[in-house]
There are 2 protein chains.
Amino acid sequence: MQLFINHINKDVTLDEVGLKKLSSILVFKELNKKEFLIKPGEAANTMNFIVQGCMRSYYLDKNAQEHTLQLGIEQWWINDLYSYLSRKKSRMYVQALEKTLLIQIPRIELEKLYIEVPEMSHFFRIKIQNAYVAVQERVIDSMSDDAYERYENFRKAYRDIEQRVPQYIIASYLGVTPEFLSYLRKKHS
Amino acid sequence: MQLFINHINKDVTLDEVGLKKLSSILVFKELNKKEFLIKPGEAANTMNFIVQGCMRSYYLDKNAQEHTLQLGIEQWWINDLYSYLSRKKSRMYVQALEKTLLIQIPRIELEKLYIEVPEMSHFFRIKIQNAYVAVQERVIDSMSDDAYERYENFRKAYRDIEQRVPQYIIASYLGVTPEFLSYLRKKHS
DNA sequence: GAAAAAACTTAAGGTATCTTAAGAAGCGAA
DNA sequence: TTCGCTTCTTAAGATACCTTAAGTTTTTTC
């Protein structure tokens with residue numbers, strides 16, 4: 001909980017009142033390993049902060065292949081932001097890869113909070129901007145770099161995560177088959 | 001100009017006062033074919049609405065290959081949103097593909113306007129959300145679809161643009177070589 | 001309207017990545 | 001500790017896409 005407040009305070013400064021109002025709308029949620037937070041057809045109606053654990057979002061393409069879009073551990077936000085922002089049904093699975101504890105902020109309360117505590121509006125604007133930047137980075141990467149370069153980039157950017165998720169999920173994040181990632185690792189070792 | 005106002009009014013409702021304040025900070029800018037709005041090393045400090053013409057943003061990868069990230073015609077916004085939002089220097093070229101007339105909103109004025117006319121803050125929040133959704137869509141496409149499917153998607157989504165830009169630019173948007181796109185078109189015709 | 005420049009096509013040979021299939025290794029549950 | 005499930009590896013054959021290079025068509029410029 002203190003961790004969460006510190007996290008918010010990195011980007012904005014909340015006073016006592018703001019903090020109290022924020023605290024009052026938080027919801028704690030626990031997920032077991034492999035449990036889903038969101039499934040296709042559902043809507044994302046909360047912002048979700050990982051207090052402890054590890055999660056990912058992914059979808060199935062027309063050949064039922066998994067593609068991982070986001071990975072997160074402690075102090076990351078995880079969501080189907082597409083669904084949250086557009087208010088459309090999700091196409092994603094958002095799943096715990098370990099036993100995970102989340103702090104959730106329901107959209108309805110959050111939008112009220114934006115008015116009373118403009119810092120929070122500012123905070124999430126920054127988060128959404130960062131999300132945009134991250135996705136754009138990924139488009140650029142996928143057009144410029146080959147699979148092994150993307151793997152190296154991934155290892156740099158996600159050093160803490162790499163150890164905690166199975167390799168086939170990393171492959172599905174990079175956009176290659178697990179077999180090919182295995183081949184690349186051998187080739188470069 | 002009326003066009004621009006209608007465009008804004010699609011998403012938010014501005015009163016007389018708001019409209020006047022908005023109008024007072026607009027800047028018109030004309031670009032000749034092939035002229036650049038932004039080059040690598042510069043910073044994006046305006047929002048840019050295309051009144052007439054056609055533009056694209058692209059970057060060069062380490063092999064000096066062009067990759068087109070955004071295409072736009074009349075009534076689209078064009079920018080290096082990454083640079084605008086993060087305030088970092090751009091890695092992009094933003095270039096006119098035809099003689100183009102823009103309406104620009106400088107960041108400094110716009111941020112003041114956000115306070116006086118909150119509808120504009122709302123408006124650009126929606127635009128940035130849409131931009132996020134579009135980029136995410138693209139990541140999903142590039143992982144799920146082969147080149148020809150991406151080409152068909154592109155033609156559906158950008159019917160009006162397809163006619164106006166050279167095919168090698170479409171190829172660089174899809175992430176394939178011009179030769180390969182040419183081959184695909186023949187194969188499926 | 002001719003010359004120059006830009007864009008598009010074709011084709012051969014090459015490379016990155018996929019598919020399938022099988023076995024090996026690691027790991028959680030009883 | 002062992003069984004069963006999940007994950008990882010290996011390898012052969014297939015395919016999507018790239019590179020190079022040359023020729024053709026279209027567009028621009030003077």
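As a basis for the values below, the full set of heavy atoms in this structure was taken, side chains included, without hydrogen atoms, waters or symmetry mates.
Cation-pi geometry between B:R138 and B:Y173 is satisfied (NZ or CZ under 6.0 Å from the ring centre, within 45° of the ring normal).
Judged purely by distance below 3.5 Å, without hydrogens or angles, the side chains of B:S144 and A:Y59 pair a donor atom with an acceptor atom. Neither side chain, A:D80 nor A:S57, offers a donor N or O lying under 3.5 Å from an acceptor on the other. B:R185 and B:Y151 share a donor-acceptor pair across their side chains, judged by distance under 3.5 Å alone. Using a 3.5 Å distance cut-off with no hydrogens or angles, the side chains of B:T68 and B:S172 do pair a donor with an acceptor.
Between B:Y93 and B:F36, the ring planes are tilted. Angles from 30° to 60° get that label.
Proximity of residues 156-174 of chain A to DNA chain D (heavy atom under 4.0 angstrom from any strand atom) is restricted to A:P166, A:Q167, A:Y168.
For B:E116 and B:K20, the salt-bridge test fails: no basic side-chain N is under 4.0 Å from an acidic carboxylate O. Ionic pairing of B:R164 and B:E98 is present here: one or more N-O contacts between side-chain nitrogen and carboxylate oxygen are shorter than 4.0 angstrom. B:E42 has no carboxylate O lying under 4.0 Å from a charged side-chain N of B:K88, or vice versa, which leaves the two without a salt bridge.
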Per-nucleotide protein contact string for nucleotides 23-30 of chain C (B base, S sugar-phosphate only, - none; heavy atom under 4.0 Å): --------

Letter per nucleotide, 5' to 3', of nucleotides 10-21 of chain C [B base touched, S only sugar-phosphate touched, - untouched; heavy atoms, 4.0 Å]: B------BSBBB

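Pairing each heavy atom of B:T100 with each of B:A96, the nearest pair is OG1-CB, 3.9 Å.
Taking the ring centroids of A:Y132 and B:Y82, they lie at or beyond the 6.0 Å cut-off.
The interatomic distance linking B:N32 (CG) with D:dT29 (P) rounds to 11 Å, in whole Å.
Listed by chain and residue number, A:R155 satisfy the salt bridge (charged side-chain N to carboxylate O under 4.0 Å, His left out) test with A:E162 (two or more places apart in sequence, or in another chain). The side-chain hydrogen bond (donor to acceptor under 3.5 Å, both in side chains) search around B:R107 returns B:N45, not counting sequence neighbours.
The nearest heavy atom of DNA chain C to B:K34 and to B:R185 marks one nucleotide each, and the one closer to the 5' end goes with B:K34.
Comparing the axis of the opening five pairs of the helix from C:dG1-D:dC30 to C:dA30-D:dT1 with that of the closing five pairs yields an angle of 60°, rounded to 10°.
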